[in-house]
Number of protein chains: 4
Amino acid sequence: MSNNLLKGKRGIVFGALNEMSIAWKVAERAVEEGAIITLTNTPVACRMGTVTELSKRLNAELIPADATNVDDLEMVFSKSQEALGGNIVFVLHSIGMSPNVRKKRTYDDLDYNLLSSTLDISAISFHKMIQIAKKMDAIAEGGSILALTYVASQRTFYGYNDMADAKSLLESIARSFGYIYGREKGVRINTVSQSPTMTTAGSGIKGFDGLMDFSDKMSPLGNATADECANYCIVMFSDLTRKVTMQNLFHDGGFSSMGMSLRAMNQYNKSFDEFKDENGNLIYG
Amino acid sequence: MSNNLLKGKRGIVFGALNEMSIAWKVAERAVEEGAIITLTNTPVACRMGTVTELSKRLNAELIPADATNVDDLEMVFSKSQEALGGNIVFVLHSIGMSPNVRKKRTYDDLDYNLLSSTLDISAISFHKMIQIAKKMDAIAEGGSILALTYVASQRTFYGYNDMADAKSLLESIARSFGYIYGREKGVRINTVSQSPTMTTAGSGIKGFDGLMDFSDKMSPLGNATADECANYCIVMFSDLTRKVTMQNLFHDGGFSSMGMSLRAMNQYNKSFDEFKDENGNLIYG
Amino acid sequence: MSNNLLKGKRGIVFGALNEMSIAWKVAERAVEEGAIITLTNTPVACRMGTVTELSKRLNAELIPADATNVDDLEMVFSKSQEALGGNIVFVLHSIGMSPNVRKKRTYDDLDYNLLSSTLDISAISFHKMIQIAKKMDAIAEGGSILALTYVASQRTFYGYNDMADAKSLLESIARSFGYIYGREKGVRINTVSQSPTMTTAGSGIKGFDGLMDFSDKMSPLGNATADECANYCIVMFSDLTRKVTMQNLFHDGGFSSMGMSLRAMNQYNKSFDEFKDENGNLIYG
Amino acid sequence: MSNNLLKGKRGIVFGALNEMSIAWKVAERAVEEGAIITLTNTPVACRMGTVTELSKRLNAELIPADATNVDDLEMVFSKSQEALGGNIVFVLHSIGMSPNVRKKRTYDDLDYNLLSSTLDISAISFHKMIQIAKKMDAIAEGGSILALTYVASQRTFYGYNDMADAKSLLESIARSFGYIYGREKGVRINTVSQSPTMTTAGSGIKGFDGLMDFSDKMSPLGNATADECANYCIVMFSDLTRKVTMQNLFHDGGFSSMGMSLRAMNQYNKSFDEFKDENGNLIYG
């Protein structure tokens, strides 16, 4: 179903890997809403993923590029403007990866070269993308730039490791650049802080199942899905949100505003059941 | 222009007074987007304002009611469901007034009966409205309830007086009830924190002109207008934001995320100009 | 052990009931640090509690008073200044009670007269206390006023009910009045957001045990005790924190900055154990 | 005057340059409160600054070290434990520098190698310091680690440039590591968000005078001085704050909780005076 919210708007979607990806859903929904887009991901991801299929289906040029490389980014904006026939109205940044997590380095045993990579891939790429776009004057007046983030940027979740720091940096870049690009070109820059989502990236995080369950039971509306996130991104790309900028927008079923729900507490309390006798008294040893 | 975002949805708009009102704009835009609505305001406001004209134009029943009175609120939901032919999908709460401000009582000289009124009118009415609606099961599964607020709930603005406390209470009610109504019926409850807006209410605040200018120069996108706010409310009523709840959403051109902009600082610095000689040096006495 | 942090300072402690009370501990520690103080609580609490014993031990006059009554509050400040021989340097507000909770009214079935009482007792009493003090010019230049609060003011905890809204209002009052009393007299006003504490008040909250355990396991330093809270209050009353104002200060072992800890997650995950077979696979009915 | 708050405690102060430095004041106050400390700064700073004088006066070994170099940091902790005769109870991180600011690169024209340096010097050094200390088990159970930050981490100030992002990252590291070091050793990690301060670092920021004035007029208690900040740090190092962790603590005279003060607004409004005639009407062109 379409509301024509992005009719004729030109967009770039970074980070679609496969049909579990939020970026994949955003690409599909953007086209459904009338946008014309290009897709980009790393050369490896372009080969490994099924993104070529998506590219064909959506009639969206696929541009392999390394988002940490400014020349590649320049090429992405240049080719996209060419392919789409004008400057860019919206951009999605859905990029994040921690080599420290991959190498199972704990937060108190980080490799600092890997930390640099985490920050470069997951946060600084966002600055590079915007700086290049601004230098090329590639974003339309009133355009909308979004990055995906997670509440771990603001509260600590065990195992999220240096990705938490990267997400904090990402959100700060959204604010810092939102000020400058806003005052000069009316371009808004925001982050969407999404529920934990069972994407390929998410599923790599330690103990992700338990966290998904807890998050779902804490959130009055349950975890938000990738499809629902795509809807929210569409709204943020549309002309109906032109005065929203420098914000971190929680799309999480209410999780971020919860301290403790009855459902989660009940589940938590079950953990003590085995230690209780038939009268409900705690059994010690 | 319409995107049919609220096609066939039934809504109630509290607080439209005249064409400067945000609620007025929301009513217009909601109908434009395909909604059918009722309007409500105090009996006095219904007589004084031009809301009757709006009611006719939008084919929206106007229901005079006191939002601090639970019987009146019950009547509003009852009549609205009758008039619209079903349960309610969205509600806007745009109600706020401080008798202390009106009586020019400063914050360190509050009249406590008037404070009770400020809280009752501007915040507790929101709880009453939701509690009544929930008891009547008057809101549709997945419905959306919004209240308008201002950043003074979180940071102190001189002269905003006990309205700041009322807005804090209002935002808390949105969270508290958002949890309960969310888990039980999937109803989301949010507040939109809008730029200072030159409505009839806004224009009553002491030194409002200077504040409007400062706010505009601080915000990279400038102050958001009432029309733009209406667009944002439409989005929050639509099905595209169904997992956003318990949030305070800033619609303010970026103001809330700014510490100091160059434009505002330049303006501020001009205030010292008269004390400088032709070489730019400060003149002391 | 004393650091003489409050040597010769005159203070008033509202809300000491018995030796579990945080206010009780604050009173003890304040005297230990060299302060001279008065104690006040409701007439009923003064009779029921063991606060008379404390009053004698600390050589601190006990002044029965209703903190929602401005005349009583005026009497408290008047008698305290008389008893202590000068204006007041620090005040602790440790007052909170919800008649709705007591009457087991759920949040979607509030009695609005009781809600008024909740707000009046738990939040507006703070405004009254400060307004009276300011009118009497009863607080010394650079004095320090503190109120105790809980993180439920900012994130929803099931069962905390209308106390969450009262605490939001309380924190807003601290900011609003902090601005005015700060600029005029250098008086700072802050709130301390304390871990759930097994006081008489805390123990009345539904499911408090489970919450205490969860909170403890979430907090890297564990829940903060009443004794530790008293230490923090002393610090906030001392001259070493004279430029801290309008803040909500978390004293909670880190809870407020946590999203999920490994300890809490492990405990949570145990709740699923009974549904797993000996190989760790989920057993479905 | 001393309250013996740090009697016998061993500490390390990073970043004292000259008598304007906050770190300098902290060192002085720490010793005054009974601590024994070491000082460290870059080899260049040790030569340029007058820190040698401080070192002698406080009888505090001065250890030249590059805080971005893990070997140097290991040496600092090793030498400090040796010099002080035991493990370390408190650490101050007062380090920040942006080569992009120095080279006058604007935020939309950052050099990415320089950005890496900004982050490494101003934020990652904090992680390195803590990781090394933890690996060496150099911090005492219940120890306290502080870093200095600025509100620009959370709201954008023009001209603060990539330091805003660095401070966001710094505050995130405090949370992330606060969780791990807290649960394992009871070590608390916090940041103090200080008023703009006329240090050597502060005075390098573009338009700092105007900002200082605005900040001072916005803050009900005025800007906090370096001396007052030192007092606050002492409190956070003491045993009276042992359950405060993972917090960003504003020490700013109330600035962070202000939206607009009357004093600042009056000053701002003066900027329009020149455009008004003798009747107060605006003169256009």
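Predicted model, so just to flag it, every value in this text is computed and none were measured. In what follows, chains carry the letters A, B, and so on, assigned in the order in which the sequence lines appear, proteins first and then strands, with residues in each chain numbered from 1.
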Which of [range] get closer than 4.5 angstrom to chain B, counting heavy atoms alone?
| range | value |
| --- | --- |
| residues 183-195 of chain A | A/Arg183, A/Gly186, A/Val187, A/Arg188 |
| residues 25-35 of chain A | A/Arg29 |
| residues 140-154 of chain A | none |

Problem set entry | Toward chain A, the part of B/Ser261 with a non-hydrogen atom under 4.5 Å |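 Answer is both: backbone and side chain atoms of B/Ser261 are under 4.5 Å from chain A.
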Problem set entry | Residues of residues 167-180 of chain B within contact distance of chain A, non-hydrogen under 4.5 Å |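 Residues in range: B/Arg175, B/Gly178, B/Tyr179.
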Problem set entry | Pairs of heavy atoms under 4.5 Å with chain A: top-ranked of B/Met258, B/Arg242, B/Lys7 |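 Ranked by contacts with chain A, first place is B/Met258.
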For this session: Measure across A/Pro220 and B/Thr245 and return the closest heavy-atom pair with its distance rounded to 0.1 Å.
Result: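 Smallest interatomic distance, heavy atoms only, reads CG-CG2, 4.5 Å.
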For this session: For residues B/Gly254 and A/Met246, report the shortest heavy-atom separation together with the two atoms involved.
Result: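 Heavy atoms of B/Gly254 and A/Met246 come nearest at O-SD, 3.9 Å.
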For this session: Using atom types as modelled and distance alone, determine if a side-chain donor or acceptor of B/Lys243 lies under 3.5 Å from a backbone N or O of A/Cys229.
Result: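 Absent.
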Exercise. B/Asn3 side chain to A/Asn3 main-chain N or O, any donor-acceptor pair under 3.5 Å?
Worked result: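 A pair under 3.5 Å: yes.
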Exercise. Does any non-hydrogen side-chain atom of A/Tyr232 lie less than 4.5 Å from one of B/Val244?
Worked result: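 SC-SC contact between B/Val244 and A/Tyr232 confirmed.
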If I take atom [atom1] from residue [X] and atom [atom2] from residue [Y], how far apart are they, to the nearest 0.5 angstrom?
| X | Y | atom1 | atom2 | result |
| --- | --- | --- | --- | --- |
| B/Ser238 | A/Ile234 | OG | CD1 | 11.5 Å |
| A/Ser2 | B/Asn4 | OG | CG | 10.0 Å |
| B/Leu249 | A/Leu249 | CG | CG | 7.0 Å |
| A/Leu5 | B/Leu240 | CG | CG | 6.5 Å |

For this session: Using the side chain to side chain donor-acceptor pair (under 3.5 Å) rule, take B/Thr241 and A/Glu228 through it: C-alpha gap first, then chi angles, then the decisive distance, then the call.
Result: CA-CA 8 Å; B/Thr241 55; A/Glu228 290 164 330; over 6 Å; no
Exercise. Counting heavy atoms not belonging to A/Lys135, are there more than 12 under 6.0 Å from its NZ?
Worked result: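 Check passes, neighbour count above 12.
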For this session: Mind running side chain to side chain contact (heavy atoms under 4.5 Å, CB included) on B/Asp252 and A/Gln247 for me, showing each step along the way?
Result: CA-CA 10 Å; B/Asp252 64 357; A/Gln247 302 300 314; 4.0 Å; yes
